[in-house]
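Throughout, a chain's letter reflects where its sequence line sits, starting with A, and its residues are numbered from 1.
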Amino acid sequence: MTDISKSTTPANKVRVRFAPSPTGVLHIGGIRTALYNYLLAKQQGGSFILRIEDTDQGRYVPGAEAYIAEALQWCGMIPDEGPGFGGEYGPYRQSERKDIYRHYALEMIEKGTAYYAFDTPEALDAQRQADPNFKYGAAVRMSLENSLTLGLEEAERRIAAGAPWVIRLKVVENETIHIHDLIRGEVTFQTSELDDKVLLKSDGMPTYHLANIVDDHLMKITHVIRGEEWLPSTAHHVLLYRALNWEDTMPQFAHLPLIMKPVGNGKLSKRDGAKLGIPVFPISWKADKPEDAVVGFREYGFLPDAVVNFLALLGWSPGTEQEIFSMEELSSAFSIEKISKSGARFDFDKAKWFNQQYIMARDNATLAAMVRPIVEAHGHQPEAAFLEAFCGLMKERVTVLPEFWDNGYYFFEEVHSHDLSGIAKKWKKEQRPVFDLLLEAFSVLSQFDVENLKAATDQFMAQNELKTGDVFPVLRVALAGTMKGPAIFDMMALLGKAASVKRLQNAFDYFDQAI
RNA sequence: GGCCCGUUCGUCUAGGGGUUAGGACGCAGGAUUUUCAUUCCUGUAACACGGGUUCGAUUCCCGUACGGGCUACCA
């Protein structure tokens with residue numbers, strides 16, 4: 001068991017935790033929760049702790065923990081403590097802390113703030129069937145099978161005899177619980193509305209409620225920043241802190257608004273991504289069943305900084321008009337009080353805008369490193385200088401990484417198809433000899449750079465009484481197959497003389513027979 | 001149903017008792033550009049409703065409506 005007396009942590013040091021359960025993929029909402037925790041920790045010089053809440057053996061998904069760790073790392077949020085990350089408050093997997101929880105559950109029985117209960121899940125389900133408002137609480141606990149009605153001795157005899165049992169919190173009667181939430185302010189609950197939550201399950205594992213309170217206490221957590229879905233059970237958590245005599249060091253609570261579906265009603269769910277063809281997960285997940293597989297922002301071609309920036313502003317605002325924030329800027333500007341109270345709709349257009357901003361701002365070498373795998377996947381191994389120059393030409397024209405290829409593949413291989421709609425009226429067979437003159441002019445250029453190409457073209461246009469509108473679109477479609485793209489001379493200079501001239505020639509031949 | 005939370009442009013939000021209610025995304029138009037994109041400019045569009053309190057309420061209070069969450073031996 002963790003011995004807190006040996007801890008070297010200063011009493012006032014901020015310690016926050018991100019505590020997901022490894023039941024599958026973590027969507028963007030979870031990442032945002034982690035981010036807000038991380039930002040507070042970094043800002044305060046505190047610690048960001050990853051704790052794996054794997055107390056539900058039935059829902060455990062192998063690989064989910066590794067997924068969570070990888071997703072956090074991709075986003076640039078490396079835990080200071082956690083499974084595989086070290087730390088002096090471990091173990092950080094709740095399944096490895098069973099004895100600790102049992103110890104405190106038993107302590108509560110001794111103090112009379114908890115009791116053994118023997119009603120099976122089936123029996124309770126039957127009760128709920130009969131009465132939809134059934135609640136295992138003060139009003140009914142004296143008429144059910146538990147150590148309150150049976151007596152502790154009889155209860156222990158049953159347990160010794162092998163009867164299945166749980167431990168439940170004995171919620172105190174007729175009290176008002178006040179919670180000061182950092183985001184919502186004062187929130188109150190009547191204990192008469194609360195049920196006697198199971199603390200220790202019949203399989204010996206704790207429920208979220210017990211494990212959470214015990215771990216947050218032992219790990220010296222100072223701020224609990226978690227989703228709004230936990231607000232209703234916070235009253236139980238306060239009762240638990242009280243029952244264990246830890247109320248004076250209870251962490252502060254901040255309940256985050258949820259992220260809502262891009263379209264329709266309700267909170268963002270796993271299915272929304274597949275339904276709309278957009279990513280709602282940080283990174284991809286390859287599931288056993290194909291229908292469970294998901295694509296992540298990473299694989300979709302987002303930069304982690306862009307995702308972080310987008311997420312930070314989805315439900316939080318610094319109060320200034322700044323939109324672009326590095327992780328460092330976020331952590332210095334962050335404040336829990338400025339988190340908004342209402343749910344924020346997931347806006348993929350805005351996510352793309354952030355990504356475009358980050359791509360444009362990145363230097364060519366960095367982009368080249370990100371784009372290389374995409375280009376290589378299409379069977380090309382460009383030289384570093386070429387790829388960097390390519391990125392420089394394309395980066396203002398893409399919003400996600402794969403578009404470097406989609407919109408610029410013609411820098412690596414021949415044009416797949418020519419869009420003739422823009423030049424059909426401009427291309428005239430009788431002008432072919434004239435364009436051949438331009439090809440000739442290009443061919444004799446000693447320096448195949450932008451200035452010389454421009455000079456040669458200007459001269460050509462002047463001599464043949466042609467306007468840019470007669471020439472440039474033709475060159476563009478011939479070179480790229482499309483009317484969109486970087487400046488023509490930039491393209492040609494990068495392609496090089498031989499490739500440019502040959503490509504123009506072939507395209508002109510094609511135009512002659514196609515138009 | 002019960003309990004809890006929320007409600008400013010289509011979306012993310014700033015603001016806050018007296019403002020032309022600000023910014024961003026998106027959309028529309030324009031300028032620049034050989035094209036696309038970038039950049040710049042302009043436009044579009046909001047305080048859910050009803051009562052209070054107040055000289056004055058979008059801002060404070062109460063209701064209503066609507067939205068959200070919880071209501072498991074899941075987290």
message = Which is more 5' along RNA chain B, the nucleotide nearest A/Val398 or the one nearest A/Leu124? Just name the residue.
response = A/Val398
message = Can you tell me if A/Ser340 touches the phosphate of B/rU13, counting only side-chain N or O atoms and a distance under 4.0 Å to OP1 or OP2?
response = yes
message = Please tell me if A/Lys201 has a side-chain N or O lying less than 4.0 Å from either OP1 or OP2 of B/rA75.
response = yes
Same-atom distance (P) from B/rU39 to B/rC49, integer angstrom = 36 Å
ask   = Which whole number of Å gives the distance between the P atom of B/rC9 and that of B/rC5?
value = 23 Å
ask   = If pairing requires Watson-Crick or G-U wobble contacts with both distances under 3.5 Å, which nucleotide is the partner of B/rC3?
value = B/rG69
Which nucleotide in the list [options] gets nearest to the side chain of [X]?
X: A/Arg345; options: B/rC74, B/rC4, B/rU11; value: B/rU11
X: A/Lys338; options: B/rC12, B/rG6, B/rG15; value: B/rG15
X: A/Thr55; options: B/rU34, B/rC73, B/rA75; value: B/rA75
X: A/Ala487; options: B/rA14, B/rG1, B/rU34; value: B/rU34

By the 4.0 Å heavy-atom rule, please label [X] as base, sugar-phosphate, or nothing.
X: A/Gly315; result: sugar-phosphate
X: A/Ile488; result: base
X: A/Met360; result: sugar-phosphate
X: A/Pro486; result: base
X: A/Arg184; result: sugar-phosphate

remark   = Sorted by number, residues from residues 449-475 of chain A placing a heavy atom under 4.0 Å from RNA chain B are A/Phe472
message = Tell me if the CD atom of A/Gln129 is crowded by more than 12 foreign heavy atoms within 6.0 Å.
response = no
query = Does a sphere of radius 6.0 Å around NZ in A/Lys201 hold more than 12 heavy atoms from other residues, nucleotides or ligands, not counting ones at 6.0 Å or beyond?
reply = yes
Figure out the [atom1]/[atom2] separation between [X] and [N], and round it to whole Å.
X: A/His178; N: B/rC4; atom1: NE2; atom2: P; result: 13 Å
X: A/Leu393; N: B/rU35; atom1: CG; atom2: C1'; result: 14 Å
X: A/Ile179; N: B/rC3; atom1: CD1; atom2: C1'; result: 12 Å
X: A/Trp316; N: B/rC12; atom1: CH2; atom2: C1'; result: 13 Å
X: A/His236; N: B/rC74; atom1: NE2; atom2: P; result: 15 Å
X: A/Tyr410; N: B/rC36; atom1: OH; atom2: P; result: 13 Å
X: A/Leu479; N: B/rC36; atom1: CG; atom2: P; result: 17 Å
X: A/Ile213; N: B/rA75; atom1: CD1; atom2: C1'; result: 13 Å

Residue list, ring-ring contact (aromatic ring centres under 6.0 Å, His included) with [X], at least two apart or on another chain:
X: A/Phe508; answer: A/Trp427, A/Phe435
X: A/Tyr67; answer: A/Trp285
X: A/Tyr36; answer: A/Phe334
X: A/Phe390; answer: A/Phe411, A/Phe412

Do any side-chain atoms of residues 455-464 of chain A form donor-acceptor pairs under 3.5 angstrom with protein atoms, and if so which ones, sequence neighbours left out?
| residue | atom | partner | partner atom | Å |
| --- | --- | --- | --- | --- |
| A/Thr457 | OG1 | A/Leu453 | O | 2.7 |
| A/Asp458 | OD2 | A/Lys454 | NZ | 3.0 |
| A/Asn464 | ND2 | A/Phe460 | O | 2.8 |

request  = Could you tell me how the ring of A/Phe310 sits relative to the ring of A/Phe346: parallel (under 30°), tilted (30 to 60°) or perpendicular (over 60°)?
outcome  = perpendicular
task = Output every pair passing side-chain hydrogen bond (donor to acceptor under 3.5 Å, both in side chains) with a member in residues 307-321 of chain A, not counting sequence neighbours, ordered by first then second residue.
result = A/Asn309-A/Tyr358
task = Produce a footprint string for nucleotides 60-72 of chain B: one letter per nucleotide, 5' end first; B if the base is under 4.0 Å from any protein heavy atom, S if only the sugar-phosphate is, - if neither.
result = --------SBS-S
ask   = What one-letter contact string describes nucleotides 19-26 of chain B from 5' to 3', where B marks a base within less than 4.0 Å of any protein heavy atom, S marks contact via sugar-phosphate atoms alone, and - marks no contact?
value = ---SSBS-
remark   = The salt bridge (charged side-chain N to carboxylate O under 4.0 Å, His left out) partners of A/Arg32 (sequence neighbours excluded) come to none
ask   = For A/Asp349, what residues pass the salt bridge (charged side-chain N to carboxylate O under 4.0 Å, His left out) criterion, not counting sequence neighbours?
value = A/Lys352
ask   = So, is the end of the A/Arg168 side chain (NZ or CZ) under 6.0 Å from the ring centre of A/Tyr136 and within 45° of the ring's axis?
value = yes
Considering only distance and modelled atom types, tabulate donor-acceptor pairs under 3.5 Å from the side chains of residues 19-27 of chain A, sequence neighbours left out.
| residue | atom | partner | partner atom | Å |
| --- | --- | --- | --- | --- |
| A/His27 | ND1 | A/Gly29 | N | 2.8 |
| A/His27 | NE2 | A/Leu268 | O | 3.2 |

task = Examine the base of B/rC36 for any acceptor or donor lying under 3.5 Å from a partner atom in the side chain of A/Arg397, and report the outcome as yes or no.
result = yes
